[in-house]
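The first residue of the sequence shown is numbered 1, and numbering continues consecutively from there. Only heavy atoms go into these numbers, but all of them, side chains included; no hydrogens, no water, no symmetry mates.
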Amino acid sequence: MSELYENRELSWLRFNERVLEEAEDKRNPLCERLTFMSIYQTNLDEFFMVRVGSIHDQMLLEDDPKENKTNMTASEQLEAIRERVKELGARKDESYHKLMKEVEKKGIRLVSYADLDEKEGAYLRGFFERDVLPLLSPFTVSKKRPVPFIKNKEIIATALLETRGGKSRVGIVPCNNGMFSRLIEIPGRKGTYMLAEELILHFLPEVFTGYNITCKSLVRVTRNADIDADKVYDEELNYRDHMAEVIKQRRRLEPVRLEYTRDVDKKIIKRVASFFKIDKDMIFNTTAPLDMSFLFAFQDDLRHDKTLFYDRRVPQRSAALDESKPLIPQIMEGDKLLSYPYESIRPFLNMLHEAANDPEVVSIKMTLYRLAKNSKVVSSLVEAAENGKEVDVLVELKARFDEENNIGWSRMLEEAGCNVIYGLDGLKVHSKLCLITKKEGKEVKYITQIGTGNYNENTARLYTDLSLMTADQKIGAEAARVFKALSMGEVMKRTEHLLVAPKCLQNKVLDKIDREIQIARDGGEGYIGIKINSLTDKKIIDKLIEASEAGVKIEMVIRGICCLHPGIKGKTDNIRVVSIVGRFLEHSRIYIFGTGEREEMYIGSADFMTRNTVRRVEVATPIYDKAIRDKLRDMFNMQMADNVKARELHSDGTYKYVKHKTPVVNAQESLYEEAYRAVSN
């Protein structure tokens with residue numbers, strides 16, 4: 001049966017390979033390819049910080065545990081990850097150097113010291129001695145001198161040092177302390193730069209005077225960032241202070257990966273790895289820079305050439321809403337759907353601002369997971385509280401890597417008079433739910449917003465997401481029960497309309513798949529359509545396999561991890577899976593069950609991952625409005641028809657571009673064109 005399943009970690013690495021393909025794809029403008037190259041690296045960093053770190057932690061708790069789909073042990077997974085990362089690393093290096101040759105043709109060049117003439121070398125020596133050396137903090141490490149703390153992902157220049165007496169020790173210099181620019185422009189050669197760490201590495205003899213440097217390299221350490229905040233909870237602290245302590249702990253967690261540049265004597269790498277107690281199998285060599293964030297600065301230099309970037313696209317106003325008029329009355333008249341980034345998030349933000357100032361609005365309740373830096377959402381909630389409305393906000397402090405931001409927002413909201421809670425013990429609150437309560441005379445009315453993505457104005461221009469705004473009073477009443485449960489530290493145990501994890505989502509999805517199975521077995525047309533980011537939940541996977549065996553047609557758009565192999569004869573040959581990795585990050589979730597009059601459709605915050613279906617609070621809403629269902633179905637069908645950015649998952653676990661057919665369909669571009677047409681008509 002293992003042929004039916006893919007290991008989660010290896011499937012994720014296949015996803016990141018698709019990101020790398022976008023960096024290699026010459027159909028993409030050059031500067032956009034630089035973005036994909038940088039995303040590939042930051043994705044991989046987070047993978048080691050979270051997933052590899054988690055597997056290491058599992059091995060500490062249990063003797064080589066097995067995962068539940070392919071039965072790979074933790075050590076087997078780590079070995080497979082190492083081999084795959086080395087393969088992709090070699091490809092990444094080659095792709096990076098090819099990209100830089102193309103960038104050079106546009107007048108931007110990254111050089112090493114060997115590329116400079118005598119005059120330029122003299123200038124950089126003076127620059128180093130004057131502007132860099134005084135700001136460095138070098139260390140030597142020996143038995144009597146322990147290794148200093150090196151921050152996560154910090155680049156260090158390291159060298160094997162020999163004294164006149166023949167003794168050796170290791171020299172370490174942190175390179176990115178933030179006190180000097182990482183990109184150093186070569187005078188007289190506009191657009192020509194050297195990386196600061198390369199300059200420091202070259203002048204290490206000036207740092208470690210009195211030593212003979214036998215070999216040197218640049219090194220970067222990646223630390224485990226996978227902390228279970230609830231397991232380390234300290235009851236003596238309030239929860240917000242506790243999360244601040246968790247952030248501090250994360251910065252000091254054990255290293256899980258060591259990267260180094262240059263083909264150097266392995267002695268120094270082994271010694272550095274031993275300092276950090278890094279497994280020898282988690283040491284990786286690269287010929288590309290250890291941190292590619294500087295590529296965005298190159299894009300800024302090339303901004304004048306519009307051909308190097310995607311054509312400008314601006315989120316359009318929704319044709320379903322008239323923003324010159326009050327929005328809440330329009331929503332009371334009928335459900336409204338926003339589709340980001342094709343349509344602007346502005347109507348939702350305006351609706352929230354309108355509610356903050358509406359004398360009939362008595363309360364606003366909202367779950368917050370990730371927010372923009374200067375959040376208009378928070379501004380409206382603060383305004384509502386200052387206007388005397390009851391504002392209840394659940395701020396998820398365990399939103400990984402956004403904890404510090406959310407701690408700050410929670411303080412601001414509290415200071416404004418909002419009631420702030422921090423989620424449930426052992427469960428993240430990942431739902432995207434907003435409930436506005438109005439009192440018209442003696443009658444209470446609800447306006448509910450349920451979305452697939454965060455309340456973040458910035459990512460709403462980059463991520464594809466959906467946002468339903470409805471005055472359906474049954475949905476509103478059920479959303480009110482969700483907020484009541486959250487405020488009581490409880491979970492929903494029964495729902496009629498909404499799908500609410502952890503108790504009322506996975507089981508309801510399984511029931512709906514069972515219904516399609518029975519219809520197919522009775523000779524009818526069973527159908528399931530799913531658009532999510534990842535599929536790892538084994539209960540749902542096994543039920544989808546059962547549905548395929550029964551003859552149910554299953555279509556899935558899954559951007560990232562997919563632990564199911566489609567196309568296996570007699571088992572999954574009724575399942576088709578495509579992944580779209582393109583200009584915008586596919587983030588919306590749509591679930592479709594059945595066809596025609598019995599079709600049921602939902603949008604929500606949950607992927608079909610066990611962490612979402614049974615370990616988080618997630619909310620999905622039914623789409624009752626026929627026109628909105630038709631719109632969503634058309635969007636889904638267009639993505640299944642994509643033959644430009646879509647890759648199809650094959651039975652062996654590989655992804656291949658969908659072959660071009662006529663007409664050519666790039667779903668993301670087509671959906672933007674539709675948004676432009678809708679407002680021009």
Side-chain angles (χ1 to χ4, degrees), residues 13-14 16-45 47-48 82-117 120 124 153 155-157 175-176 181-186 189-202 215-220 222 257-264 266 269 283-302 305 307-309 581:
L13 288 170
R14 289 188 191 276
N16 211 31
E17 181 179 19
R18 298 195 289 281
V19 175
L20 183 58
E21 285 176 353
E22 291 299 308
E24 297 167 337
D25 190 343
K26 293 189 176 183
R27 294 176 299 177
N28 292 325
L30 178 59
C31 284
E32 308 297 349
R33 292 166 63 195
L34 296 179
T35 297
F36 282 111
M37 180 61 70
S38 184
I39 291 172
Y40 170 86
Q41 184 189 53
T42 54
N43 281 352
L44 194 60
D45 288 346
F47 175 74
F48 272 91
R82 182 183 71 86
E83 290 299 323
R84 191 75 181 102
V85 169
K86 288 201 169 183
E87 289 174 11
L88 289 173
R91 177 174 168 183
K92 176 263 297 179
D93 287 348
E94 182 180 356
S95 299
Y96 165 80
H97 292 300
K98 287 180 178 178
L99 265 176
M100 293 310 293
K101 286 182 180 177
E102 293 186 50
V103 170
E104 279 190 35
K105 295 175 184 176
K106 302 299 178 182
I108 306 294
R109 189 180 179 207
L110 196 63
V111 296
S112 66
Y113 207 84
D115 298 317
L116 306 179
D117 61 29
E120 291 164 341
L124 283 183
K153 299 188 293 182
I155 297 173
I156 58 175
C175 294
N176 47 343
S181 173
R182 188 170 174 221
L183 277 176
I184 301 166
E185 189 164 16
I186 309 302
R189 292 170 66 177
K190 183 175 173 57
T192 301
Y193 300 92
M194 178 182 287
L195 293 173
E197 62 263 31
E198 292 287 348
L199 182 70
I200 294 168
L201 187 71
H202 179 80
C215 63
K216 57 186 178 180
S217 179
L218 294 171
V219 170
R220 190 172 76 137
T222 310
R257 174 180 63 162
L258 177 72
E259 299 169 279
Y260 70 98
T261 63
R262 291 165 174 72
D263 186 16
V264 297
K266 298 302 185 288
I269 300 304
I283 301 173
F284 301 91
N285 177 243
T286 178
T287 62
L290 294 169
D291 176 351
M292 295 196 194
S293 57
F294 68 89
L295 293 176
F296 293 109
F298 285 0
Q299 289 178 324
D300 291 340
D301 283 353
L302 295 169
D305 188 344
T307 65
L308 303 180
F309 297 86
V581 178

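Here the shortest heavy-atom pairing between Leu302 and Phe309 reads O-CE1, 3.4 Å. The two residues Arg33 and Asp25 come nearest to each other via the heavy atoms CD-O, 3.3 Å. Minimum heavy-atom separation, Thr222 to Asp45: CG2-O, 4.0 Å. The shortest heavy-atom contact between Ala196 and Ser181 is CB-O, 3.7 Å. Heavy-atom minimum distance, Leu218 versus Cys175: CD2-SG, 4.5 Å. Nearest heavy atom pair, residue Leu295 against residue Met100, reads CD2-SD, 4.1 Å.
Residues forming a side-chain contact (heavy atoms from CB on, under 4.5 Å) with Glu24 (at least two apart in sequence, or on another chain): Leu20, Glu21, Arg91, Ser95.
Checked against Glu259 for a side chain to side chain contact (heavy atoms under 4.5 Å, CB included), the options Ile155, Asn285, Leu290 give a single hit: Leu290.
Residue Leu44 holds its CG atom at 8.0 Å from NZ of Lys92, rounded to the nearest 0.5 Å. Between Cys31 atom SG and Phe296 atom CZ the span is 11.0 Å, to the nearest 0.5 Å.
Using a 4.0 Å cut-off between charged side-chain N and carboxylate O, Glu87 and Arg84 make a salt bridge.
Residues Phe298 and Phe294 bring their aromatic ring centres within 6.0 Å.
In the displayed structure, Lys86 atom NZ is contacted under 6.0 Å by more than 12 heavy atoms of other residues, nucleotides or ligands.
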